[in-house]
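Read the structure below first, then the notes.
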Protein chains: 2
Amino acid sequence: MSQPSKTKQAVSSGGAKRKRQPSQVQDHIIAERKRRELLSQLFISLSAIVPGLKKIDKTSVLGEAIKHMKELQEKVKVLESVIAKRTMESVVLVKKSKLMVDEGSSDNNVSSSTTVDDYCRSSNNDDGDSSSDSLPEVEVKILGNSLLLRVYCGQQKDILVKLFAEIDKHHLSITNFSVIPFENLAQDITIVAK
Amino acid sequence: MSQPSKTKQAVSSGGAKRKRQPSQVQDHIIAERKRRELLSQLFISLSAIVPGLKKIDKTSVLGEAIKHMKELQEKVKVLESVIAKRTMESVVLVKKSKLMVDEGSSDNNVSSSTTVDDYCRSSNNDDGDSSSDSLPEVEVKILGNSLLLRVYCGQQKDILVKLFAEIDKHHLSITNFSVIPFENLAQDITIVAK
DNA sequence: ATACACACGTGACGC
DNA sequence: TGCGTCACGTGTGTA
């Protein structure tokens, strides 16, 4: 710690520069020291959360932090898009299931790309059952070129025509069919088509 | 640019300090300058990718960068777990609806079912679960004092009598009954009793 | 010893 | 005016 103590009290002439008093200089030193210490600690904290850090240079830490941050942002973007796509599929599914129930009859020209696995996913809820509000339950099985469709739903009257329309839209012919009422509240529909 | 030119060639005695030659001092200055410039640029780059930055202090930039990086990592973690859960559900679902697709008859009546094949394959060679041994699938729903029993199984002839015996054992009377064959290999039995 | 990295004190600029 | 921030040159330690 050198204290040059250049107490230069300039006169009022040309290139004069006011010198601070020693106490202020000391304050300045202390403040700067504190600032540096804070910065160093931040660097340490940063290097702690950046994974796979070979060098602990400030430059390396900053560079790797930037790189990793960009990767993270890109990753978040991708993951969010994946989730969005997933939920989108789910929504499409629910929509497809709902169109059997609702009389809204929205435009359903999605018959090209939606495959049977979509139907399978449509009955996805939590593993525990117990939530009877998510009717109808739809289940699809495939064996050879036959398709078994089972629908458990409430007692809407128009659900059968919608189901048949949907089946017909996929150019399937029904080979077996059964509808069983359940306590005047629900019904279990089983269809085999090929 | 001051050149003190303190060429102090110390002797080998006590507190001697070797002084560099002027060119080396200059190199040192230049090198340090370059290092600082690089660091500043890194700070700028960092502040560019950290969103919502009010202050552009070095400390603030570092602090916000750390904060944001932690948030990103946590977000990635959550999103990945969500996706894992989603795909898990998907696999469980497909597994639950054990549709068995034989790769031979890919007659495409049932619209393109390639994704179904994929899912089935990926879920079938899972653990050593003998695929068709988990039949029959049994599902029971209870509504009021009625009971809906659905059995999906192979074409055993004795399963019906066993089912009826079981139902009779619980003093239930069958009010509705349906058995639907499925491709000469399986059958879907639906019973309502009360 | 060459090269790099760091912390320090210090002058300067802006609010 | 003072307080906070920055960049600079420099000394020192380490590989």
Side-chain angles (χ1 to χ4, degrees), chain A residues 1-70, chain B residues 1-70:
Chain A
M1 309 225 185
S2 62
Q3 297 189 48
S5 75
K6 307 181 198 169
T7 312
K8 190 185 289 182
Q9 199 71 4
V11 290
S12 57
S13 63
K17 301 194 176 177
R18 295 215 160 264
K19 268 305 152 191
R20 299 159 180 86
Q21 277 144 21
S23 62
Q24 301 178 345
V25 176
Q26 205 71 10
D27 269 359
H28 183 34
I29 292 179
I30 293 181
E32 186 70 11
R33 201 177 294 175
K34 178 148 191 170
R35 172 176 165 266
R36 264 196 296 264
E37 191 177 349
L38 177 62
L39 252 156
S40 291
Q41 193 159 344
L42 283 178
F43 264 102
I44 294 178
S45 301
L46 180 59
S47 62
I49 64 175
V50 175
L53 217 51
K54 177 71 171 59
K55 307 270 296 179
I56 56 172
D57 288 327
K58 281 185 177 176
T59 57
S60 303
V61 168
L62 264 190
E64 291 299 316
I66 292 176
K67 182 179 165 188
H68 184 244
M69 171 116 43
K70 285 183 180 174
Chain B
M1 308 263 188
S2 63
Q3 297 189 48
S5 75
K6 309 180 197 169
T7 311
K8 188 186 290 181
Q9 200 70 3
V11 290
S12 58
S13 63
K17 299 197 175 178
R18 295 204 168 270
K19 267 303 154 192
R20 298 159 180 86
Q21 278 148 15
S23 62
Q24 299 178 347
V25 175
Q26 206 70 9
D27 270 358
H28 185 32
I29 293 180
I30 293 181
E32 185 68 12
R33 201 176 296 176
K34 177 149 192 171
R35 186 181 87 95
R36 263 195 295 263
E37 192 176 348
L38 177 62
L39 250 155
S40 290
Q41 194 159 343
L42 284 177
F43 263 103
I44 293 178
S45 301
L46 181 60
S47 62
I49 64 175
V50 174
L53 216 51
K54 176 73 169 59
K55 307 271 294 179
I56 56 172
D57 287 327
K58 280 185 178 176
T59 57
S60 303
V61 168
L62 264 189
E64 290 299 316
I66 292 176
K67 182 179 165 190
H68 184 245
M69 171 113 48
K70 285 183 181 175

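Just so it is clear, the values below take in all heavy atoms, side chains as well, and ignore hydrogens, waters and symmetry mates. Letters A, B, ... mirror the listed sequences (proteins, then strands); counts begin at 1.
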Determine all donor-acceptor pairs shorter than 3.5 Å in which one atom belongs to a side chain in residues 48-56 of chain A; sequence neighbours excluded.
none

**OP:** Please state whether the phosphate of dC4(C), meaning OP1 or OP2, lies under 4.0 angstrom from any side-chain nitrogen or oxygen of Arg35(B).
**Re:** no

Subject >> Separation of atom CZ in Arg36(A) from atom P in dA5(C), rounded to whole Å >> reply: 19 Å

Original post:
Taking atom types as they are modelled, is there a donor-acceptor pair under 3.5 Å from the base of dA7(D) to the side chain of Glu32(A)?
Top reply: yes

Subject >> Nearest non-hydrogen partners of Ile44(A) and Ser47(A), listed with the distance >> reply: O-OG, 2.8 Å

Original post:
To the nearest angstrom, how far is Gln21(A) atom CD from dT1(D) atom P?
Top reply: 9 Å

Original post:
dC8(C) base to Glu37(A) side chain: any donor-acceptor pair below 3.5 Å?
Top reply: no

**OP:** For DNA chain C, find the residues of residues 51-60 of chain A with a heavy-atom distance under 4.0 Å and give them by number; none if there aren't any.
**Re:** Ile56(A), Asp57(A), Lys58(A)

Original post:
Does His28(A) make a side-chain donor-acceptor contact with the base of dG2(D), cut-off 3.5 Å?
Top reply: no

Original post:
Rounded to the nearest Å, what distance is computed from the CD atom of residue Gln41(A) to the P atom of nucleotide dC6(C)?
Top reply: 16 Å

Original post:
Side-chain N or O of Arg33(A) less than 4.0 angstrom from OP1 or OP2 on dG9(C)?
Top reply: yes

**OP:** Please identify each residue that fulfils side chain to side chain donor-acceptor pair (under 3.5 Å) with Arg35(B), with sequence neighbours left out.
**Re:** Glu32(B)

**OP:** Nearest 0.5 Å please: distance from the CG atom of Leu39(B) over to the CD atom of Glu37(B).
**Re:** 11.0 Å

**OP:** Could you note down all residue pairs passing salt bridge (Lys or Arg N to Asp or Glu O under 4.0 Å) where residues 21-31 of chain B supplies at least one of them, sequence neighbours left out?
**Re:** none

**OP:** Would you kindly give the CG-to-P distance between Leu38(B) and dC8(D), to the nearest whole Å?
**Re:** 13 Å

Subject >> Atom-pair distance (CD1 on Ile29(B); P on dC6(C)), nearest Å >> reply: 19 Å

Original post:
Considering heavy-atom distances to DNA chain C, does Asp27(B) or Leu39(B) have its closest nucleotide positioned more toward the 5' end?
Top reply: Asp27(B)

Original post:
Are any of Ser40(A)'s side-chain N or O atoms less than 4.0 Å away from OP1 or OP2 of dC6(C)?
Top reply: no

**OP:** Return the minimal non-hydrogen interatomic distance between Ile66(B) and Leu46(A), and the atom names on each side.
**Re:** CD1-N, 3.7 Å

Original post:
Just how far, in rounded Å, is P of dG9(C) from CD of Gln26(A)?
Top reply: 8 Å

Subject >> Nucleotide dG9(D), atom C1' - distance to CD1 of Ile30(B) in whole Å >> reply: 13 Å

Subject >> Euclidean distance, atom NZ of residue Lys34(B) to atom C1' of dA3(C) [Å, nearest integer] >> reply: 14 Å

Original post:
When rounded to the nearest 0.5 angstrom, what distance separates CD in Glu64(A) from CG in Leu42(B)?
Top reply: 10.5 Å

